[in-house]
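These numbers come from the heavy atoms of this one structure, side chains and all, not from hydrogens, waters or symmetry mates. Bear in mind that the values here come from a model prediction, so they are computed numbers and not experimental data.
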Amino acid sequence: DTGTMLAIPGGTFLGNLVRGGLVLLAIAGLLTAFTLVIAAITNLGVAALGGLTMYFAGSATGAMREVAAASDTSTALRRVVSLALDVLPDFDRFTIAARLAASESVGWLMVAQAWGYYGIYTVIFMTVAWVAMRRKEL
C-alpha cells in the first residue's frame, strides 16, 4: 500500500499485437500438428472433430480443475480428470486478449514461454504424424 507503481514502457500497440499474434500462432501450430496426427491415422472429418475437441477441452481446464478438486466427485472421475489435466495442453495459459484489452504489454518472454510450452506438444505430435505417414507409405 505504501509502494509506488512504476511505468515500464511496453512498446507500441502494433508491437504488442505482433507478439500476441506469435503466441496465438504457437497455439495454432499445436492444433495443426494434433489434427495432422489424426488425419494421418483416420480421415479428415474425424481429424477436424478431434482438433476441435482438443481445443475445447484445453480451453476448459479451469472447470476440469474444479471438478477434480470437488469433494463430491467420485474417485474414478477424479482420477480420469486429473490424468486429462496432465495430458491436455492449457489453451488459457497465456491471456493475450485480456492483456491487450487492459493495455498491458505482451513481452518477448511470454512469446518464448508460449513457444516452449506449446512447442513440446507440437514436436511430439509432429513426430507421431511422421511415423504414422511413414507406416502408411509402406
Side-chain angles (χ1 to χ4, degrees):
D1 290 340
T2 60
T4 59
M5 183 181 291
L6 299 175
I8 300 172
T12 64
F13 179 73
L14 183 61
N16 284 302
L17 197 61
V18 168
R19 289 188 292 272
L22 289 173
V23 172
L24 295 178
L25 190 63
I27 296 170
L30 166 61
L31 287 172
T32 303
F34 180 75
T35 307
L36 181 63
V37 167
I38 297 175
I41 296 171
T42 61
N43 58 29
L44 291 178
V46 174
L49 182 62
L52 287 172
T53 302
M54 181 179 180
Y55 180 71
F56 291 135
S59 298
T61 53
M64 292 170 67
R65 280 189 195 96
E66 288 179 17
V67 168
S71 60
D72 58 344
T73 304
S74 68
T75 305
L77 182 61
R78 190 177 303 129
R79 287 182 182 160
V80 168
V81 170
S82 296
L83 178 65
L85 283 171
D86 292 337
V87 174
L88 284 173
D90 184 6
F91 289 116
D92 291 334
R93 183 178 181 120
F94 301 98
T95 55
I96 301 303
R99 290 181 73 92
L100 290 175
S103 299
E104 295 180 13
S105 65
V106 178
W108 286 110
L109 180 62
M110 182 180 284
V111 174
Q113 288 173 343
W115 278 93
Y117 177 75
Y118 298 119
I120 293 169
Y121 287 101
T122 303
V123 167
I124 291 169
F125 289 139
M126 290 299 273
T127 304
V128 171
W130 180 77
V131 169
M133 285 190 214
R134 292 290 294 167
R135 291 195 178 226
K136 279 195 168 185
E137 288 179 10
L138 301 175

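Proximity of Phe125 to Leu30: side-chain heavy atoms (C-beta onward) are separated by under 4.5 Å at one or more points. In this structure, the side chains of Phe56 and Phe91 stay at 4.5 Å or more apart for every pair of heavy atoms. Between Leu25 and Trp115 the shortest side-chain heavy-atom distance falls below 4.5 Å. Taking the side chain as every heavy atom from C-beta outward, Leu36 and Met133 approach each other to under 4.5 Å.
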Arg135/Trp130 under side chain to side chain contact (heavy atoms under 4.5 Å, CB included): CA gap, chis, key distance, verdict: CA-CA 9 Å; Arg135 291 195 178 226; Trp130 180 77; over 6 Å; no
Side chain to side chain contact (heavy atoms under 4.5 Å, CB included) evaluation trace for Leu88 with Met64: CA-CA 11 Å; Leu88 284 173; Met64 292 170 67; 4.0 Å; yes
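Between Gly20 and Ile96 the shortest heavy-atom distance is CA-CG2, 3.6 Å. When all heavy atoms are compared, the tightest approach of Ala114 to Ala26 is O-CB, 4.1 Å. Pro89 and Tyr121 make their closest contact through CB-CE1, 3.7 Å (heavy atoms, listed as atom of the first residue, atom of the second, distance). Smallest separation of non-hydrogen atoms from Gly50 and Ile38: CA-CD1, 3.8 Å. A pairwise comparison of heavy atoms in Ala40 and Ala129 identifies CB-O, 4.3 Å as the closest pair.
Linking Ile, Leu, Val, Met, Phe, Trp and Tyr whenever their side-chain heavy atoms come within less than 4.5 Å puts Phe13 and Phe94 in one cluster. A continuous path of hydrophobic side-chain contacts links Tyr118 to Leu24 [ILVMFWY only; heavy atoms under 4.5 Å]. Residue Met54 is not grouped with residue Leu49 when hydrophobic side chains (ILVMFWY) are merged at heavy-atom distances under 4.5 angstrom, including chains of intermediate members.
Cluster note: Leu83 groups with Val87 through ILVMFWY side-chain heavy atoms spaced under 4.5 Å, whether in direct contact or through intervening members. In the hydrophobic clustering (ILVMFWY side chains linked at under 4.5 Å, chained through shared members), Ile124 is joined by Ile120.
Taking Val67 as the reference, Thr73, Leu77, Val81 meet the side-chain contact (heavy atoms from CB on, under 4.5 Å) condition, with sequence neighbours excluded. With sequence neighbours left out, Trp108 forms a side-chain contact (heavy atoms from CB on, under 4.5 Å) with Arg19, Leu22, Val111.
Evaluation of the side-chain hydrogen bond (donor to acceptor under 3.5 Å, both in side chains) test over residues 20-47, restricted to residues two or more places apart or in two chains, returns none. Identified under the salt bridge (charged side-chain N to carboxylate O under 4.0 Å, His left out) test for residues 63-91, with sequence neighbours left out: Arg65-Asp90.
One N or O on the side chain of Asn16 and one on the backbone of Val106 form a donor-acceptor pair closer than 3.5 Å.
Note: Ser105 OG to Met110 CE = 8.0 Å, rounded to the nearest 0.5 Å.
Shown here is Tyr117, whose OH atom has more than 12 heavy atoms of other residues, nucleotides or ligands within 6.0 Å. The 12-atom threshold is not exceeded at CE of Met126, counting heavy atoms of other residues, nucleotides or ligands nearer than 6.0 Å.
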